[in-house]
Amino acid sequence: MKTVKAVIRPEKLEDVKAALEEKGYFAMTVTEVKGRGAQKGICLQYRGKQIKVDMIPKTEIEMVVGDEDVRPIIEIVRKSARTGKFGDGKIFVYPVDIVAAIRNDDEIVSE
Amino acid sequence: MKTVKAVIRPEKLEDVKAALEEKGYFAMTVTEVKGRGAQKGICLQYRGKQIKVDMIPKTEIEMVVGDEDVRPIIEIVRKSARTGKFGDGKIFVYPVDIVAAIRNDDEIVSE
Amino acid sequence: MKTVKAVIRPEKLEDVKAALEEKGYFAMTVTEVKGRGAQKGICLQYRGKQIKVDMIPKTEIEMVVGDEDVRPIIEIVRKSARTGKFGDGKIFVYPVDIVAAIRNDDEIVSE
Amino acid sequence: MAIDAGDTAFIIICTAMVMLMTPGVGLFYGGMVRSKNIISMIAMSFISFAVVSIQWVTIGYTLSFGSDISGFIGGLDHLFLAGVGLEGDGIPDMLFMVFQLVFAGVTLAILTSGVAGRIKLSSFIVLGILWTTIVYDPLAHWAWGGGWAGELGALDFAGGTVVHISSGFGALALALVIGNRAGFGKYSMEAENITTTLLGGAMLWFGWFAFNAGSALAADGLAVNALVVTNVSAAAGAITWMFAAWAMGKPSSLGLISGAVAGLVAITPASGFVGPMAAIFIGGFAGLLCYGALLFRVRKGLDESLDAWAVHGMGGFWGAIATGIFATASIGGVDGLIYGNTHQFLIQLLDATVAMIYAFVVTYILAVIIDKTMGLRVTEEEEYVGLDISQHGESTTA
Amino acid sequence: MAIDAGDTAFIIICTAMVMLMTPGVGLFYGGMVRSKNIISMIAMSFISFAVVSIQWVTIGYTLSFGSDISGFIGGLDHLFLAGVGLEGDGIPDMLFMVFQLVFAGVTLAILTSGVAGRIKLSSFIVLGILWTTIVYDPLAHWAWGGGWAGELGALDFAGGTVVHISSGFGALALALVIGNRAGFGKYSMEAENITTTLLGGAMLWFGWFAFNAGSALAADGLAVNALVVTNVSAAAGAITWMFAAWAMGKPSSLGLISGAVAGLVAITPASGFVGPMAAIFIGGFAGLLCYGALLFRVRKGLDESLDAWAVHGMGGFWGAIATGIFATASIGGVDGLIYGNTHQFLIQLLDATVAMIYAFVVTYILAVIIDKTMGLRVTEEEEYVGLDISQHGESTTA
Amino acid sequence: MAIDAGDTAFIIICTAMVMLMTPGVGLFYGGMVRSKNIISMIAMSFISFAVVSIQWVTIGYTLSFGSDISGFIGGLDHLFLAGVGLEGDGIPDMLFMVFQLVFAGVTLAILTSGVAGRIKLSSFIVLGILWTTIVYDPLAHWAWGGGWAGELGALDFAGGTVVHISSGFGALALALVIGNRAGFGKYSMEAENITTTLLGGAMLWFGWFAFNAGSALAADGLAVNALVVTNVSAAAGAITWMFAAWAMGKPSSLGLISGAVAGLVAITPASGFVGPMAAIFIGGFAGLLCYGALLFRVRKGLDESLDAWAVHGMGGFWGAIATGIFATASIGGVDGLIYGNTHQFLIQLLDATVAMIYAFVVTYILAVIIDKTMGLRVTEEEEYVGLDISQHGESTTA
Ligand SMILES: Nc1ncnc2c1ncn2[C@@H]1O[C@H](COP(=O)(O)OP(=O)(O)O)[C@@H](O)[C@H]1O
Ligand SMILES: Nc1ncnc2c1ncn2[C@@H]1O[C@H](COP(=O)(O)OP(=O)(O)O)[C@@H](O)[C@H]1O
Ligand SMILES: Nc1ncnc2c1ncn2[C@@H]1O[C@H](COP(=O)(O)OP(=O)(O)O)[C@@H](O)[C@H]1O
């Protein structure tokens, strides 16, 4: 099992959700975050001097999925969240050891 | 070291905290999130047509603990957060490499 | 690649950001969380009986970085976020499998 | 007597200020529920006001203030405001009509608190129209429209029985019929937007000056007396509730503002009859009494969710009695118990008791009927996701 | 006639209440934009009010109410309030001046909604000062200052053309010049702070009583009529919009409050001329009409962002027409179409049409000029991070 | 002279509007602190109002307006409102009493800002009761109750010295005694709920019309003058502060609203004595002066947390002086410096200086005594978790 964590533009959430749904990926957890990338945030020209606005609101999507789903999901997110401009976000993939349901005793242990 | 991450119903937080405390598990980080599970959210009947309400508010608990504590914690969370209905949530367990205190130089390095 | 996740005092965020920037670490994702440590929260004396205030607001910083950057970052965060009192927070380091950009097709796959 | 510009100015502005109490009630209650129901609480206050606005100018006003039928209800002579003109005695008749309208509106808004977080919107609308027609309108007629209570000499300056006993005991009946919220007593259901509640409380305190002082229907000494005792009673209630809560734990701001509302409720029927020093006692005691009622309600495991019963019902009852105790002829022309007039005290007791029973029983029956026909309550899933989404399709976080 | 204390008290308080509508507009709109622009929306309402306050006491008042020049504009006799004293007829002249000031202020605040989330603050300030001077002031003169429309007999009791048609069609012109928000139609741009919008709506409803009733300029029967029809129309608009939205999906609280505002807008010109039952129709129809206009606007893919056009523009137009239809001599001395006075109906149609064209065209030209010179719109990056940060250096979350 | 309905209506409504300023202060300040202290700030405003309400009707009113003792304080003839009746001159005596009450309440609420986020609730309550008794009541007596300042001819129309100098310099003294917030200057302590502050500011602006115009105690030309200059001064202050902040960085909405408050403060003592054009200058200069004072305070590393000193203290001082400069006999019967009356200017200077010294010194001593006995400040841990939780057991997020 892997966790795919995507940090995207908040206004792209609906598109990403729809694109994922289409391919059968429903389960996800979403968090409101703020962030800045390697571009060091956005620079606003302000009366000559530059004002750096870092910490732009972003939306983080976390999906725990089977190893084989990682690639397709990365592609779907890329396609649906991309604008081609700085600030589109990043996708991180983590290893997961155990996935356990609370409602019942279902469990998947990686390995 | 492992991270146990549980996504639960917000109204169960107090119960889960109390149950964990009883067994001596105090340290945790809690985040407000929204999510939907494999059930694709809740369907409300609305004048014939169905309205799907996905993205229900959830509470995420994250606890970094020793490997031997993972099982007991999973059981405690299951017992205290379970209602038996869809939407009870999930528990994910992740590997952790390093745990370092900020206040002093204490550190635990996995392996 | 590793993820360094630091849970710090909210009022230290600006200091930590500045200290990290100085050493060239810009990219990060920040989340508002609440938490309690092993000290079981803060105890307020209240008319004889003690009131425990757990779940204190904290700020979580997440940075995905190269393996070699983990140590320096831990040190920077410690230096800039430390007050020496309970509640300074913790740093956790996780393994990361893949880091993928959304804007373009850049990707780093951890060995 | 002709129209007086001063009095007319006064009551026009008072009407606007009392109108503001309705969204004030919405914000006050909205802050006390979980965030998933906050829009629903505020929206129900607006809906209450809107439907009562139309009901009142069509049928409600004449049922309350039409020519008396057997002491119980008004006749249909003012149907669709027939005969309600822009002339009048001191103030235009039409102004009296609209000043009364805003009272009816806010009363229904108070009632919504008993069913917070679980009532079906469509059922609430039907219930609300019926409730204002068969509970509020008769009570208004009894007290102010020439009905039996007024004829008997019962004193209700600004609506202790009409507004507060009716909505408080009505909310209790509704809560009993609809049942507790899912997970009540098991889950935490703490107030999630306290600053919103405090803002709503401020709007209520502000509007209440118009509610009570405006009930003099003229900008005169009586109005000034009502203004002063209203403020003093609110302050006293805030202080006693705060200290009582402090003695048992922490002086919460919710306690403070609830105490202020308790003081405001209790002084409402008395405000044209008692002086400032009596008002300190009336408000101060209301703070303690209503807090006690709240604790009792919680101990009983009853989800009368936002304490309309404890604060408006019990506070209104106390206020009606207190009027019979502390009234002084030097202010409103009638003496109460402490000036030796036992008779007035007994009238007050009777009036409040009848209003209480009428409001409770009729509301109960009405709720049962709606429950059996339309269904009063949302489904478990709708309740779980919250009324904001399930009833309005909206959410406070985008 | 000397100063009357009752009338003076009335208009002073009405002035304060109408002033409160300006931040009310800010909160109403602020709740409807994404959180990154909420401070900007509220701040623009304050800025509108502040700059108009100074503009009005220096030049604006005299342009509107100075001695008439060719029916189009007022002369400069009251420049810097020269000759505006503390004496007057019923109310001091100075009070009339400031009562008119608050109308001008709120009108500019409504205009901001068309450019929500993308206008450059500096350009807005310049635009605002020019707009109020060359659009608002002439329109006020036409209707109330001795201009051609008033002379012709056009009826506009409290500002249907002056306030609502001007700001509604002005906002449409601005939106066309500035262009849609980035990502409009592609991203979700849902209201993110609905409780703020509902609070703003409550402030508007409250203030509107003063807006319309105060326009009688005396605390008399006419004011009372305006008060009553205002409330009834708002309630009717809220109800029809809510049910229309319900029929198509969910009865959102935004629909409810938008409907109330639609009802308030529509009754504004009519409030001194029609009775309560006509008001139910005027408001109820406004709810449906404005909702329809909103849906039309959305279908056209036009980002007139917060529907000033649909609600104020179309609602104001309907109100002007409706005045010509439902006016009854028994209230305001003039009969409308249904009482056989086709003439009045045609005058209303002409007045509303001219105001609409004037407001739209002049605003459009003004916006183009500012766009070509200073630039109307922020950069893409500034829009992306939001106007709170990019224009004010502030943010709602620390 | 008998009771006048117009004047009575006016002052009743003004009383309600000024009352609303107290929660307005709470929201204004509550939005400026970190979210963990927002409930505390708002609750302290309500508590201020509640305790002063009781203090005033028992002892405060008579200390301020009882028969003069040596020009310093009022006698006890009105203890428990003895002899304060519902008759009077124009307005009932009782109405004058309650109009003065709401001034005393809001003044104490302003004082809370100096100790934001670190005062112990119990100590604040004791401090508040004592402060209003030994600082506010004498100052009110000096200016309006027959004390030395009024006798000398010092002009303070609506409370420049009594309300603003007292609370502004009082807050400075408190801040010095209680010390800076933990981490002040090291951590970011930015405003965390700016929309709440803007709402509070709107309530202040609204209420201030009643504060100043109502101080005429009649609905007459003088009240109208006060209304107009109040609005103009607020607008001018908002504009100058905004542009000054813009020149140094960004035109923050906090700057805008702070400037409006600065303008409102400065015009307060002058509002019955100066005309609109002078008001533009008074308000505009206040915006710059208070912004400068704020920058000075920040440079000094002094945590007078929410700038009551810079805005109310310095703004009030400027207003007192400005009254002596710009007063014109044509409005309030007295000329100022620019009309050649140096004498009046010197009286104003003396009055403001004495008030400043008295408020500062007495508050300082009082704060030290309370600090030595009860302890003024919460523990470090309580400050760290925030006063909402530590003092009230509540939190804005559930
Ligand atoms: N190395 C990183 N660690 C943690 N979060 C990151 C990292 N890089 C990017 N992010 C998150 O992704 C968001 C978008 O990144 P950004 O650099 O703006 O994308 P792009 O590189 O396409 O411009 C940031 O705001 C931040 O939240
Ligand atoms: N695969 C997953 N990846 C990420 N989050 C998940 C996943 N499955 C469930 N969740 C989270 O857990 C919550 C509860 O899941 P749900 O499917 O409703 O539980 P159940 O299966 O008991 O109905 C979801 O709202 C979501 O936040
Ligand atoms: N084991 C843990 N698992 C998850 N979060 C933790 C853990 N320990 C600490 N934290 C987080 O770090 C924060 C600070 O921890 P704390 O114990 O107060 O630090 P210290 O040990 O320096 O007092 C907590 O509020 C919590 O959010």
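Values reported hereafter were calculated over all heavy atoms of this structure, with side chains retained and with hydrogens, waters and symmetry mates removed. Protein chains get the first letters and strands the later ones, always in sequence-line order, with residue 1 at the start of each.
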Can you tell which part of [X] gets under 4.5 Å to a heavy atom of chain C, answering side chain, backbone, both or neither?
X: A:Lys79; result: neither
X: A:Arg9; result: neither
X: A:Val70; result: side chain

Under 4.5 Å from a heavy atom of chain A, the part of [X] involved:
X: C:Glu62; result: side chain
X: C:Asp106; result: backbone
X: C:Val64; result: side chain

By side-chain hydrogen bond (donor to acceptor under 3.5 Å, both in side chains), C:Lys23 pairs with (sequence neighbours left out) none
If you measure from [atom1] on [X] to [atom2] on [Y], what distance do you get to the nearest 0.5 Å?
X: C:Lys17; Y: C:Ile61; atom1: NZ; atom2: CD1; value: 9.0 Å
X: A:Asp69; Y: A:Tyr25; atom1: CG; atom2: OH; value: 3.5 Å
X: C:Ile76; Y: C:Asp15; atom1: CD1; atom2: CG; value: 13.5 Å

Interface check, chain A: of C:Asn104, C:Thr31, C:Ile108, most non-hydrogen pairs under 4.5 Å belong to C:Asn104
Flag for C:Thr83-C:Asp88: side-chain donor and acceptor within less than 3.5 Å: yes
- Does A:Glu60 pair with A:Lys34 as a salt bridge, N-O distance under 4.0 Å? no
